[in-house]
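Both backbone and side-chain heavy atoms feed into the values below; hydrogens, waters and symmetry mates do not.
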Amino acid sequence: MWSADNTSRTSAGHNSNFFPESTAPLYFWIFSGINGLVTLVCNSLVIFIILKRGRLFRNHSNWLLLSLATADLSVGTIMIPWIFVCFFDSTLPCHAEWNISNIIFDMLLHISVSNLCIVTMDRYLWVVFPMRYQDFMTCKSIIILIISSWLIPASFQTIHALLEFKLSQDQNVNAEKVISAIKVTVFEIAPCMLMLFVYGHIFRICWRHSRNISKINKSLYGKSKKEMTARYNLTSTVKVFCAVIPVFILCWVLAAYREICNVYASCLVPSHLVHISRLLLKGHSMIDPIVYALQKRDIRKEMSKLLTDGNMDEIAGINESNTRDGCVTSKMTKVKLIKRK
């Protein structure tokens, strides 16, 4: 069997399952630990803010971000800790010839990718069809998209597990090739092409609008705040395009290359490339909340309000305490003066 982490359990020269071999370098464990911690903190923060602030939760498009953050949080809380536990405790059944953990890990990664695709589609419709966005992204359609993004990968991996358990070894080899071809095409190559097309088109539209607005403002007012705002919007799009797309494509192209190499070509992938690919596979769950959620204007605004409200409550509590202490001090002073008299 081969997983999205692309470790073969049948080919010589590769380790037996999803988990890194005993010669894994120190940087792999350090970055895996940092990745798990940042993934946990950032995604938990996004989930808390969306659920805490009713204004954000009532915005149906934020349900997509909530679903994405939940999927990424599952990678940080289930997949990464389990890899550490299984690696350092050889008595656990993680290293068996057939184990459910590889299928669960594949499912978690593919659910995260599916949610990222629907968030990307939501951004694309909002930019390209702003007047018809509400017609496309209704409450019902958003719920259907969220359910599909979880149900399709889960169903695929369930079928994969049943086939591996039921088929004989010879039948399983042929079935594995078909399943790997579907997995690479649907969950790895297709999302990369989708992300590249969508953000390339968004970047082109924003650049064209920014250029037109700059020309109009320059002819009417010279350099103005509107021009600066247009440039800022273009800069934000460029940041997303430059930060997310190369990492995402590199992550899944490497994963697809390793899986094709293991299943069809039986070629040997260098160990450092294997470790880097594994880190990137888990790393996009750390990047997603920072780029997609924490850079969103309404979420940043509600986050600042939440922090401001907390600070104001703390200041009010201190003032109230000081006021009470002042009253007590004043009363004590009056009592002392009466006694002296």
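- L194 and I205 fall within a single hydrophobic cluster, where Ile, Leu, Val, Met, Phe, Trp and Tyr are joined by side-chain heavy atoms under 4.5 Å apart, directly or via other members.
- Between Y124 and F197, the ring planes lie tilted relative to each other; the angle falls in the 30° to 60° range.
- The nearest pair of heavy atoms linking T70 to L66 is OG1-O, 2.7 Å.
- P153 is listed as a side-chain neighbour of F187, based on a closest heavy-atom distance under 4.5 Å.
- Between D72 and M286 the shortest side-chain heavy-atom distance does not fall below 4.5 Å.
- Between S285 and N43, the shortest heavy-atom contact is O-ND2, 3.2 Å.
- A side-chain contact (heavy atoms from CB on, under 4.5 Å) with S67 is found for exactly one of S112, S114, S149, namely S149.
- In this structure, the side chains of I142 and I146 come closer than 4.5 Å at one or more pairs of heavy atoms.
- Ring geometry for F156 against H110 counts as perpendicular: the plane angle is over 60°, on a 0 to 90° scale with 30° as the lower cut.
- Ring planes of Y27 and H275: perpendicular class, angle over 60° (limits at 30 and 60°).
- Following chains of ILVMFWY side-chain contacts shorter than 4.5 Å, one cannot reach L37 starting from I78, and the two form parts of different hydrophobic clusters.
- Screening I144, L145, L151 for a side-chain contact (heavy atoms from CB on, under 4.5 Å) with S148, the sole residue that qualifies is I144.
- Rounded to the nearest 0.5 Å, atoms CG (L73) and SG (C42) are 11.0 Å apart.
- In this structure, F31 CZ and L26 CG are separated by 10.0 Å, a value rounded to the nearest 0.5 Å.
- Closest non-hydrogen pair, T77 versus P81, comes out as O-CG, 3.5 Å.
- H284 places a side-chain heavy atom less than 4.5 Å from the side chain of W252.
- Under a hydrophobic clustering in which Ile, Leu, Val, Met, Phe, Trp and Tyr are joined whenever their side-chain heavy atoms come within less than 4.5 Å, directly or via other members, V41 and I34 fall into different clusters.
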task: Apply side-chain contact (heavy atoms from CB on, under 4.5 Å) to the pair F105 and I83, showing each step before the final yes or no.
output: CA-CA 10 Å; F105 293 164; I83 290 175; 4.1 Å; yes
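- The CZ atom of F28 lies 13.0 Å from the NE2 atom of H272; values are rounded to the nearest 0.5 Å.
- Judged by distance alone, with hydrogens and angles left aside, the side-chain atoms of S141 form a donor-acceptor pair with the main-chain N or O of T138 at under 3.5 Å.
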- request: Run the numbers on Y133 and S61 for side-chain contact (heavy atoms from CB on, under 4.5 Å), then give the verdict.
  value: CA-CA 11 Å; Y133 173 79; S61 64; 3.4 Å; yes
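- The existence of a salt bridge linking E188 and K183 is excluded, since no basic side-chain nitrogen approaches an acidic carboxylate oxygen closer than 4.0 Å.
- Both I111 and I143 sit in one connected hydrophobic cluster of ILVMFWY residues. Membership requires side-chain heavy atoms under 4.5 Å apart, directly or through other members.
- Listed here is the closest heavy atom pair of L64 and V119: O-CG2, 3.8 Å.
- Note that CG of L65 is 5.0 Å distant from CD1 of I299, once rounded to the nearest 0.5 Å.
- More than 12 heavy atoms of other shown residues, nucleotides or ligands fall within 6.0 angstrom of atom CH2 in W150.
- With hydrogens and angles left out, the side-chain atoms of N35 and T39 include a donor and acceptor closer than 3.5 Å.
- Counting all heavy atoms, side chain and backbone alike, M195 lies closest to L116 at CE-CD2, 4.1 Å.
- The 12-atom threshold is exceeded at CZ of R208, counting heavy atoms of other residues, nucleotides or ligands nearer than 6.0 Å.
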- request: Evaluate the criterion side-chain contact (heavy atoms from CB on, under 4.5 Å) for residue pair V127 and H201; output intermediate values, then yes/no.
  value: CA-CA 10 Å; V127 172; H201 195 194; over 6 Å; no
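- A salt bridge (Lys or Arg N to Asp or Glu O under 4.0 Å) with E302 is found for one member of R55, K52, R58 and no other, namely R55.
- A donor-acceptor contact shorter than 3.5 Å links the side chain of N62 to the backbone of L56.
- Proximity of S277 to R258: side-chain heavy atoms (C-beta onward) are separated by under 4.5 Å at one or more points.
- Rounding to the nearest 0.5 Å places CG of L279 at 10.5 Å from SG of C251.
- Here the CD1 atom belonging to I287 is positioned 11.0 Å from the CZ atom belonging to F248, to the nearest 0.5 angstrom.
- Within the 4.5 Å cutoff, side-chain heavy atoms of M137 are placed close to those of D122.
- The side-chain heavy atoms of W63 and C139, taken from C-beta on, include a pair separated by under 4.5 Å.
- In this structure, the side chain of S74 engages the main chain of A71 through a donor-acceptor pair within 3.5 Å.
- W29 and L273 fall within the same hydrophobic cluster, where Ile, Leu, Val, Met, Phe, Trp and Tyr residues are linked whenever their side-chain heavy atoms come under 4.5 Å apart, directly or through other members.
- Residues I80 and K282 form a side-chain contact, since some pair of their non-hydrogen atoms from C-beta on lies under 4.5 Å apart.
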